[in-house]
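Have a look at the structure below before the remarks.
Each ligand, and each atom within it, is numbered from 1 in the order the structure gives.
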Amino acid sequence: MSEPTPIAVIVGSLRQASFNRLAAQALIDLSPASLNMAMVEIGNLPLYNQDFDDDSPASYQLFRAQLRAAGGYVFVTPEHNRSMPAALKNALDIGSRPARENAWAGKPGAVISGSPSLMGGFGASHHLRQVLVNLDVACMPQPETYLSRVQELFDEHGQPTERCRDYLQRFLNGYAQWVKRISP
Ligand code: FNR
């Protein structure tokens with residue numbers, strides 16, 4: 001059997017009790033043998049400034065190295081004002097620079113959004129997908145995964161309900177296939 005593909009899981013929420021972080025952890029717990037999924041943190045990255053392109057903070061350098069080491073990316077994000085949270089956009093920008101050194105490029109990606117609303121963070125998911133096109137991340141088209149009423153998808157111990165596990169399993173099955181298609 002070939003080595004599992006390392007996948008960086010990036011959570012758009014910095015909130016300690018984040019439901020999206022619970023979903024990301026559940027994905028890691030359910031991940032198939034072909035994927036080695038681990039979280040890459042974005043909360044310690046200073047706000048991107050183009051002046052840093054010549055002299056990057058150590059946290060930027062580590063983050064870019066983590067992206068380069070990954071064979072794909074899974075984004076699990078809430079919606080802030082119908083878009084992705086600023087922390088996530090900041091991380092996307094940092095990984096994309098300096099010019100011609102885009103660390104995201106050419107890898108298979110996928111998006112899950114989660115929200116207490118019925119729309120499940122649809123706006124955030126599609127803004128993120130739009131940016132991923134520019135970053136040359138091959139974003140899995142299907143299955144689209146929106147975790148509506150996300151607060152009902154975890155029990156009091158933070159474990160996913162059976163319904164949540166089913167959604168996440170369907171997503172993981174699709175993503176494992178997608179990784180093989182994009183990086184055979
Ligand atoms: C929100 N929230 C929100 N929800 C939504 O469905 N659409 C939206 O546009 C917004 N906008 C928004 C803006 C800001 C600044 C905050 C702080 C929150 C609510 C959001 O979905 C909710 O707080 C989630 O629980 C956040 O996800 P985590 O932190 O639980 O993963």
Report, in ascending order of atom number, the atoms of ligand 1 lying under 4.0 Å from any heavy atom of Asn20.
27 (O), 28 (P), 31 (O)

Arg21 vs Glu41, salt bridge (Lys or Arg N to Asp or Glu O under 4.0 Å): CA-CA, chis, key distance, verdict:
CA-CA 11 Å; Arg21 182 169 284 268; Glu41 299 297 337; 2.7 Å; yes

Does atom CD of Gln61 have more than 12 heavy-atom neighbours from other groups under 6.0 Å away?
yes

By number and element, which atoms of ligand 1 are closer than 4.0 Å to a non-hydrogen atom of Ser117?
6 (O)

Report yes or no: does Met119 have a heavy atom closer than 4.0 Å to ligand 1?
no

Taking only non-hydrogen atoms of Ser18 and a 4.0 Å limit, the atoms of ligand 1 in range are 28 (P), 29 (O), 30 (O), 31 (O)

Nearest heavy atoms of Leu153 and Cys164, plus distance in Å:
O-CB, 3.3 Å

Where does Ser13 meet ligand 1, judged by heavy-atom distances below 4.0 Å: at the side chain, the backbone, both, or neither?
side chain

Is any heavy atom of the protein nearer than 4.0 Å to atom 4 (N) of ligand 1?
yes

Quick one: do Ser56 and Arg97 satisfy side-chain hydrogen bond (donor to acceptor under 3.5 Å, both in side chains)? Show the steps, please.
CA-CA 10 Å; Ser56 294; Arg97 290 279 149 167; over 6 Å; no

Can Gly121 be said to touch ligand 1, with heavy atoms closer than 4.0 Å?
no

Look at atom 6 (O) of ligand 1 and say which protein heavy atom is nearest, naming residue and atom and giving the distance to 0.1 Å.
Ser115 OG, 2.6 Å

Contact summary for Asn90 and Pro46, nearest pair of heavy atoms:
ND2-O, 3.3 Å

Heavy-atom proximity to atom 1 (C) of ligand 1 ranks first, among Gln151, Arg82, Arg21, Glu79, for Glu79

Would you call the rings of Tyr60 and Tyr48 parallel, tilted or perpendicular if under 30° counts as parallel and over 60° as perpendicular?
parallel

What class does the angle between the rings of Tyr146 and His126 fall in, given that below 30° is parallel, 30 to 60° is tilted and above 60° is perpendicular?
parallel

of all protein heavy atoms, closest to atom 24 (C) of ligand 1 is Pro116 CD, 3.7 Å

When you look for heavy atoms under 4.0 Å from ligand 1, do you find them on the side chain of Arg15, its backbone, both, or neither?
side chain

Taking the six-membered ring for Trp, are Tyr73 and Trp178 ring centroids under 6.0 Å apart?
no

Heavy atom of the protein closest to atom 14 (C) of ligand 1 (residue, atom name, distance):
His80 CD2, 3.6 Å

Identify the closest protein heavy atom to atom 11 (N) of ligand 1: which residue and atom is it, and at what distance?
Asn81 N, 2.9 Å

Heavy-atom neighbours of Asp55 CG exceed 12 at 6.0 Å
no

Protein heavy-atom partner closest to atom 26 (C) of ligand 1 - residue, atom, separation in Å:
Pro78 CB, 3.7 Å

